[in-house]
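Heads up: the structure comes next, in structure tokens.
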Amino acid sequence: MLILNHTIAGDACTIYFPERRSELAGFRDFLAQGDKVLGLDTETTGLGIYEDGFECRLVQIGNGREAWVLRVDLFADVICEALRQNRHFVVHNAAFDLQVIDRTLGVKIEELADRVFDTKIFAHLLDPRMKSEGGAGLRLKELSEIYVDDTAPDTEEGLSSIFSKLYADWKKTVSKETVDAHVRKSGKRPHVSYGFANIKIDHELYVRYAGLDVILVTRLFYELAPTIKDLGLNPLSKFEHHLQGLLCVMQRKGMKLDVAYIHQLRLDLQKEHEDYALVAKRYGVENINSTDQVADALLGMGETLTEKTDGGKWKVDKAVLSTLADLDREWERIEARDPNPLADAVMRAKRASKWQTSYVDAFLDYRDPDDRLHASINGLQARTARMSVSRPPLQQLPSGDFKIRRAVVADPGHVMISSDYDQIELRVLAALADVKAMKHAIETGVDLHGYTAELVYGPNYTKFHRKLMKGTGFGKVYGGGAETLARQTGAPMDGVKHAIAEYDRVYPEIKRYSKKLQSRAEFGKKEVITVSGRHLPLDRDRLYSATNYVIQSTARDILAQAIVDLFDAGLGDYLLLPIHDELLAQAPADVADEVAAEIGRIMSGMFYGVPLSSTGEVTGRNWGAAYGADPMAGIW
DNA sequence: ACTTTCACG
DNA sequence: ACGTACGTGAAAGTG
């Protein structure tokens, strides 16, 4: 047995790495000590839990002084037995380990999730900011440095040089295609993922860091848990832990891909990219993704550029290019000028390549052997607690064109269901700020922006008046001003200023509410507290964002509660993905209408005197079906 | 590592 | 005093 000593915060700690079953007696004694909470962690071959070839190599169990690093290939039964004991564990980022253990060891999420504390959830509730934003950060390393031992090693970075060498050696022995495929799947630091899969399982540093992580996470738990309690955050913490378990179940289920369709789409996008890149090349742009080249070529053609980026370079984003290409937001001709063919080609080539690399290739890279996608759902990500989805980013698939979403299909015999909240952010604002007239309009079920336009411009208001009021409402939610609104709507500055003033006149409570939040933050702690008790830190020079933070965060909590409610109602098995104000689901075709109606019903309800509404709709065989003509209509 | 761009709510 | 658009994930270029 390998036994390693390490000092953490002045305390002598021991890491045990048994290599045969006869050496497990000490582990059984350790378990029998009866620690109320044990640290838990896993070491795996990578991040793609459901992808081909994924393995869990080590499971570490320990407390603040002692860690047992257990080889899964030798001791899976002993590990499972320990995990099934009726006791609590503490994990950093439990969503990952819960699914690893479920998939590779068979201890299900449902068995373990409610007995797990997650220090990442604790840390987010105490300060949701990343280190780069001035917060404590959310990584184990960053938190350990602050709360446990400021000399705690960065376990991943410590292994990085070893991984680099392993990776370099491996690259010499395999084809370029193999390396390229690995780079694509593993992201920015391919050597790291290569190393985690291939470092010798008894490498001393690997074993040491594996053990240290559970000692650190246990100590972190004992530092953070009392603070959570003292701040009255126990109920919120309990809610977030429960939600996380449900989101893990959603992720484990995943969603089916239409791979034949994806391959064809990939070829189409590749051709589109190549064709338009060739056009751009004729105007001297070798690389359509180089903003410098594009700007130079456009200036060389005699175009005038007006906007600069923060870095002082010519801005050539989609807004700039579309004006030159004489295209509106829907890519239709405006007929305001002769379209610049380079601007047009760059826009189209960039769109095709982005769609291919970010979505279509990612679908193929991240799928499991059954062609299902298990995108990673982070239930508690943004400063406002909004959820995020990555690998691939399913919350960001193009919405104006069905092409990409069409690749995601319901299971055989099932159809897709979507249910989104109607104007949830504006309704949350009406509720929290107690905006009398707005609440009245929402209650009576009239078109809210039309109602506002009528209040301001009278019964003969125009479509543009309505658009302006809708935009002003957005401005209120985001904390924007006249200039931005003018840019967004294309309305003249004085009209916009008048619109905002009128908005404040008919809904005076909004301004009062924003002022109240800001002045509280100005004279007290630089934070706002939501009705769920969540503390949201503010940047001292951006106190105006207080209103937006409260609204966005509250809307998120409402969606989170809906997920819990849907699981409680027995509908969890139908759910596929949260998308901020929407839930994507699927159900067998013969019951889909009922399931959709029930989802909509459960998502709807009163919030501080304001009705929230959502209608579940059956959209079709695939996710794209609701967005446009379904080319496969009738085939299923 | 940082910047720019683009996809979403 | 004034006004400030909010929150993400990811690819790719640049230095």
Side-chain angles (χ1 to χ4, degrees), chain A residues 128-130 132-133 183-184 187-189 286-295 307-322 346-347 350-362 365-366 375-378 380-401 403-405 420-421 423-425 429 471-489 496-497 500 514 518 536 538-539 541-553 555-556 559 577-584 627:
Chain A
R129 293 171 300 176
M130 289 174 294
S132 58
E133 299 172 300
V183 171
R184 260 207 63 75
K188 269 182 274 187
R189 293 184 300 165
E286 289 288 326
N287 186 342
I288 53 139
N289 286 315
S290 167
T291 49
D292 294 347
Q293 286 181 27
V294 172
E307 288 184 85
K308 292 275 186 96
T309 66
D310 292 338
K313 296 186 177 194
W314 288 117
K315 201 173 178 78
V316 280
D317 64 6
K318 205 165 79 171
V320 173
L321 294 179
S322 62
V346 168
M347 282 178 73
K350 278 177 97 168
R351 178 172 64 172
S353 75
K354 167 146 183 119
W355 286 12
Q356 192 201 313
T357 55
S358 292
Y359 308 123
V360 177
D361 287 348
D365 284 347
Y366 291 125
S376 182
I377 306 172
N378 187 339
L380 194 53
Q381 163 62 26
R383 187 186 296 205
T384 56
R386 261 194 174 190
M387 302 172 201
S388 73
V389 174
S390 57
R391 301 171 60 94
L394 291 183
Q395 289 181 321
Q396 286 111 307
L397 302 193
S399 62
D401 187 319
K403 271 199 199 68
I404 303 295
R405 293 183 190 227
D420 62 325
Y421 284 104
Q423 311 140 329
I424 186 156
E425 293 198 329
L429 176 59
T472 309
F474 258 99
K476 292 292 162 196
V477 169
Y478 290 147
E483 196 137 335
T484 316
L485 187 55
R487 201 171 347 107
Q488 293 290 328
T489 57
V496 166
K497 280 186 173 156
I500 293 174
S514 294
Q518 281 183 66
L536 305 173
L538 302 170
D539 299 329
D541 53 343
R542 291 168 70 251
L543 295 184
Y544 65 89
S545 60
T547 316
N548 174 255
Y549 282 11
V550 172
I551 293 166
Q552 192 181 101
S553 189
R556 176 275 184 199
L559 186 78
L577 199 74
I579 315 165
H580 304 310
D581 68 344
E582 171 190 0
L583 285 173
L584 187 68
Y627 295 83

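Every heavy atom of this structure was used, including side-chain atoms; hydrogens, water molecules and symmetry mates were not. Numbered from 1 within each chain, the chains take letters A, B, ... in sequence-line order.
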Per-nucleotide pairing state of DNA chain C [Watson-Crick or G-U, under 3.5 Å; [ ] pseudoknot-crossing; | other strand]: .....|||||||||.

Gln293(A) versus Asn287(A), side-chain donor and acceptor atoms under 3.5 Å: no

Donor-acceptor pair, side chain of Arg405(A) and main chain of Pro398(A), under 3.5 angstrom: yes

Covered region of DNA chain C, 5' end to 3' end, by chain A [heavy atoms, under 4.0 Å]: dT4(C) to dT14(C)

Stepwise side chain to side chain contact (heavy atoms under 4.5 Å, CB included) check, Val477(A) with Asn548(A): CA-CA 5 Å; Val477(A) 169; Asn548(A) 174 255; 4.0 Å; yes

Glu133(A) or Asn289(A), whichever maps to the more 5' nucleotide of DNA chain C: Glu133(A)

Rounded distance in Å between the C1' positions of dA5(C) and dG9(B): 14 Å

Check: Thr309(A) side chain, Gly311(A) main-chain N or O, donor-acceptor pair, under 3.5 Å: yes

Shortest non-hydrogen contact between Ile500(A) and Ala482(A), atoms and distance: CD1-CA, 3.7 Å

Sugar-phosphate only, base, or nothing, as touched by Arg556(A) at under 4.0 Å among non-hydrogen atoms: nothing

Earlier contact from the 5' end, DNA chain C, for Arg184(A) and Ser290(A): Arg184(A)

Glu483(A), CD atom: more than 12 neighbouring heavy atoms under 6.0 Å: no

N-O pairing of Lys350(A) and Asp317(A) below 4.0 Å: no

Letter per nucleotide, 5' to 3', of nucleotides 1-7 of chain B [B base touched, S only sugar-phosphate touched, - untouched; heavy atoms, 4.0 Å]: ---SSBB

Donor-acceptor contact present, side-chain Tyr359(A) to main-chain Gln396(A), <3.5 Å: yes

Derivation of the side chain to side chain contact (heavy atoms under 4.5 Å, CB included) call for Ser390(A) and Gln395(A): CA-CA 8 Å; Ser390(A) 57; Gln395(A) 289 181 321; over 6 Å; no

Sugar-phosphate, base or nothing in reach of Ala555(A), heavy atoms under 4.0 Å: nothing

Exam field: side chain Thr484(A) to backbone Gly480(A), donor-acceptor pair closer than 3.5 Å: no

Sugar-phosphate, base or nothing in reach of Asp292(A), heavy atoms under 4.0 Å: sugar-phosphate

Touch class at under 4.0 angstrom, heavy-atom based, for Arg542(A) against every strand present: sugar-phosphate

side-chain contact (heavy atoms from CB on, under 4.5 Å), paired with Gln381(A), selected from Asn378(A), Ile377(A), Thr384(A): Asn378(A)

Sugar-phosphate only, base, or nothing, as touched by Glu425(A) at under 4.0 Å among non-hydrogen atoms: nothing

Sugar-phosphate only, base, or nothing, as touched by Gly481(A) at under 4.0 Å among non-hydrogen atoms: sugar-phosphate

Sugar-phosphate only, base, or nothing, as touched by Gln552(A) at under 4.0 Å among non-hydrogen atoms: base

